[in-house]
Amino acid sequence: MSTLDLFAPEPDDTARMAQLRQSLHAHGHSYYVLDAPTVPDAEYDRLFRELQALEARHPELITPDSPTQRVGGKPLDGFAPVRHAVPMLSIRTETDTEASGAENFDARIRRELGLGPSDPAIDYVAEPKFDGLAMSLRYQQGVLVQAATRGDGEVGEDVTQNIRTLGQIPLRIVAPALGTDVSSLPPEVAHFALGRPGGETCPSVPAVLEVRGEVYMRRDDFEALNDRQRLAGQKCFVNPRNAAAGAVRQLDPAIAAQRPLSFYAYGLGAVTPPEAGGPVWQSHFEMMQALKRWGFPVSELVKQAQGAPELVAYYAAIGQQRDGLGFDIDGVVYKVNSLALQRQLGFVTREPRWAVAHKFPAQEMLTTVLAIDVQVGRTGKLTPVAKLAPVFVGGVTVTNATLHNEDEARRKDVRVGDTVIVRRAGDVIPEVVSVLLDKRLDEPAVFTMPRQCPVCGSAAVREEGEADYRCTGGLFCSAQRKQSLLHFAQRRAVEVEGLGDKLVDQLVDAGIINTLPDLYRLGFTALAKLARMADKSAQNILDALEKSKQTTLPRFLFGLGIRHVGEATAKALARHFGKLDAIMDAPEEALLAVADVGPIVAKSIRTFFDQAHNREVVEQLRACGVTWPEGEPAPVAAQPLSGQTFVLTGTLPTLGREEAKALIEAAGGKVAGSVSKKTSFVVAGAEAGSKLDKARELGVAVLDEAQLKELLDGGA
DNA sequence: TTACCTCGAGCTCA
DNA sequence: CTCGAGGTAA
């Protein structure tokens, strides 16, 4: 007999614990998801404490899906990155905020599917677009193992600890045995039944199931939370969305647990395929109903809709109900219901073609223009910015709104002292919509772009055909120097950790730093004299500078801040030439050979390196010890289609649209959207439309898929 | 663009 | 306690 056996739990305890877990799951589901408690709170608490007591006695029997495991857990050091098995894509936004905007979507779908006016209406699902944060919940063998934020769509953050505390999110999905009649199950089990068409149950829980949805905060919970915050002398949250986002990013799950979050499921990520015993669905709606049965909160407002008219009606109806919903939404989402049609429609770059977000018109508010500032960018570009009396609009306090350039400022005729309508356009950027002219009391001066740089006083000029004024001061202009330094020191460039805008302001204003190489000549004493810069901070900056000296060619090139050379172009240049000297001395024609470098970019690079002081900066940086590994120039890939422009139309027999496009681009060709004289070839498939007619009209060569492939293989 | 969380460190006052 | 910097999200 091993010693372990002495401590073996009573078989009764094991069974009782399983039983308690199941009851608590079921009651919890009724309470949190269905909002219909099946037992009094006191009874729930009693069961919960009984389970806790048993778990205290048998810690080895605690399961990750135990209801007691929602709260607790230790504060994290940080959030671990999580790669999404299926990327979390963004969804296209319909720009038209009239209810009839839905018609554009329907028309586009019908066109893509090649449907005529006499074909039947398309089956859609319409749902509210919740204003919260996207979340992916991963279940393995039915147990919640990971909750991840969206991140960049490919890689998000692991916030499982915090998401576990959400009572609405099942910790476990339960499947009854195969052949069980779902309707005969007691309600608390039926909620977890895995549905198949026809009521048949799934043989087992899918090995993998990722549920996608939105974490949000209800308005009443938000108000209550803020009342609590006020009482506790803590600061209040500005809006429910930010409160929810903040809660999710808490390192201490105990704090996250006190923030009342909610969840709505709206889709799936990775799922075990049917061949491997996974569930089968025909439509999105059916899938959502299954999610509901499995215990996930699915909004009652998710509706099926036939064709454009019902989508338009849905948009209007939800807009009507919006204020009374109890939570914030920023629009609605339409999805093609049939999963088969979704597959057929596919994706454009990173967005599904079968879904669209249709937002409500942005909220607008009145405020006054306190001033119109002119900011100077890294390249000397002058940007007029309206300084506004703070207004709360669309959930945030707006104090600035860019006027972009002189033409834009003139077109809107914004003047100091004006009363203006502001809104948060599109996603986030505040915008001055218009001026209320009848509120203009005296006649303030029309805004004009200063002909001198507001920072350095150099002439500001507007080139022929350009919208922007630029300060001609170059490095004489402290604003440009500051911006150049910040650009060089940013993370994606040469990364000098700890060098932010406040420090750069101090360094430049004090005249300690004028050029990039001056950064590396900084002394400890000079640094330590600055405000909020004692010994420790000064040393940290010096260490960061030392570390930054080891860099890479693309980072360095990007960091130089050459006009039109962003991260992608810097990478392409580095790959193509291998060495910096080769780039610095390359004639424009050589630069043009780099993928994605056109005449404007080539000229800009040439101009930059033709200036002696820029070459001097590079030499000095090298002399200061900034280095990077240099490589060999990449052999120029065979580009049989370079210089040729293609237009795709109709459905090709084997290649998808995206595939064909990628192949053409990989071979150096360009793919355009419409046919013109400059089009080299039109590639036509089945049911080609007007583009084919246009091609014939203009006498552009027409290819079929086979001929395209021949060209790609290097044929004439 | 704004808001939120976190971290390290400086400043201030006891 | 407050600030600056850095990161994330929409």
Side-chain angles (χ1 to χ4, degrees), chain A residues 75-82 88 90-91 93 129-136 148-153 155-159 161-162 214-217 222 225-226 229 233-253 255-256 259 261 328-331 357 359 362 375 383 385-388 390-404 422-432 486 489-492 495-507 527-541 543-544:
Chain A
L76 270 45
D77 288 338
F79 300 116
V82 176
M88 293 182 81
S90 51
I91 191 165
T93 302
K129 186 175 192 305
F130 309 103
D131 194 10
L133 317 60
M135 194 64 59
S136 183
T149 61
R150 203 179 107 87
D152 63 2
V155 178
E157 287 183 316
D158 185 335
V159 291
Q161 285 239 57
N162 292 335
E214 196 90 349
V215 170
Y216 67 99
M217 196 177 285
F222 169 73
L225 173 64
N226 267 353
Q229 292 285 109
Q234 311 266 37
K235 70 181 176 61
C236 287
F237 296 95
V238 177
N239 61 46
R241 204 202 73 77
N242 282 333
V248 166
R249 301 199 51 72
Q250 272 285 338
L251 286 182
D252 185 352
I255 299 179
R259 307 273 172 90
L261 298 176
D328 288 352
I329 59 173
D330 49 7
K359 296 198 176 180
Q375 293 175 354
T383 308
V385 176
K387 297 285 163 180
L388 307 169
V391 258
F392 193 71
V393 46
V396 299
T397 306
V398 169
T399 55
N400 292 311
T402 175
L403 299 172
H404 299 108
V422 293
R423 71 166 169 225
R424 289 215 302 152
D427 267 338
V428 287
I429 301 161
E431 176 187 40
V432 172
L486 282 169
Q490 70 163 295
R491 209 159 85 99
R492 283 146 52 224
E495 182 166 33
V496 183
E497 226 183 308
L499 192 70
D501 53 0
K502 295 291 190 294
L503 183 51
V504 165
D505 278 351
Q506 290 193 69
L507 289 166
L527 256 178
K529 279 212 246 321
L530 302 174
R532 289 200 76 83
M533 200 27 82
D535 293 6
K536 180 76 179 171
S537 301
Q539 192 54 52
N540 283 348
I541 293 290
D543 291 347

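All figures in this text were calculated on a predicted structure; none of them were measured in a lab. A note on names: the letters A, B, ... follow the listed sequences, proteins ahead of strands, and every chain is numbered from 1.
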Starting at CZ of A:Arg259 and ending at P of B:dC4, how long is that distance when rounded to a whole Å? 10 Å

Ranking A:Lys235 and A:Thr399 by the position along DNA chain B of their nearest nucleotide, the one closer to 5' is A:Thr399

How long is the gap from OG1 on A:Thr383 to CG on A:Leu403, to the nearest 0.5 Å? 10.0 Å

Just call it for A:Asn239: base, sugar-phosphate, or nothing, with non-hydrogen atoms closer than 4.0 Å on any strand. nothing

Can you check the A:Arg423 CZ to B:dT1 C1' distance for me, whole Å? 15 Å

Indicate yes or no: at least one non-hydrogen side-chain atom of A:Phe237 is less than 4.5 angstrom from one of A:Asn226. yes

Mind calculating the distance between CG (A:Leu388) and P (B:dT2) to the nearest angstrom? 9 Å

Write down the distance between CG (A:Leu261) and P (B:dC4), rounded to a whole number of angstrom. 15 Å

Protein heavy-atom contacts under 4.0 Å, written 5' to 3' over nucleotides 5-10 of chain C as B (base), S (sugar-phosphate only) or - (none), form the string SSSSSB

Provide, to the nearest angstrom, the distance between the CD1 atom belonging to A:Ile429 and the P atom belonging to B:dA3. 15 Å

Scan nucleotides 9-14 of chain B nucleotide by nucleotide, 5' to 3', and note B when protein non-hydrogen atoms come under 4.0 Å of the base, S if they reach only the sugar-phosphate, - if neither. BBS---

When you measure from the side chain of A:Asn239 to the backbone N and O of A:Gly395, does any donor-acceptor pair fall under 3.5 Å? yes

Is a side-chain donor-acceptor pair under 3.5 Å present for A:Asp535 with A:Gln539? no

Check: A:Leu76 and A:Gln161 side chains under 4.5 Å, non-hydrogen atoms: yes

Could you tell me whether A:Asp77 atom CG has more than 12 heavy atoms of other residues or ligands within 6.0 Å of it? no

Toward the 5' end of DNA chain B, by each residue's nearest nucleotide, A:Thr402 or A:Val238: A:Thr402

More than 12 non-hydrogen atoms from neighbouring residues, nucleotides or ligands closer than 6.0 Å to NZ on A:Lys387, yes or no? yes

Output yes when at least one side-chain N/O atom of A:Gln250 is less than 4.0 Å from OP1 or OP2 of B:dC4, else no. no

Any chance CD of A:Glu497 has more than 12 other-residue heavy atoms, nucleotides or ligands included, within less than 6.0 Å? no

Determine the contact category for A:Phe79: base if any of its heavy atoms lies under 4.0 Å from a base atom, sugar-phosphate if only primed atoms, P, OP1 or OP2 are that close, otherwise nothing. nothing

Can you measure A:Asn226 atom CG to B:dC4 atom P for me and round it to whole angstrom units? 9 Å

Sequence neighbours excluded and cut-off under 3.5 Å, please list the side-chain donor-acceptor pairs for residues 241-251 of chain A, or say none.
residue: A:Arg249; atom: NH1; partner: A:Glu157; partner atom: OE1; Å: 2.4

In whole angstroms, the gap separating P of B:dA3 from CD of A:Gln229 amounts to 17 Å

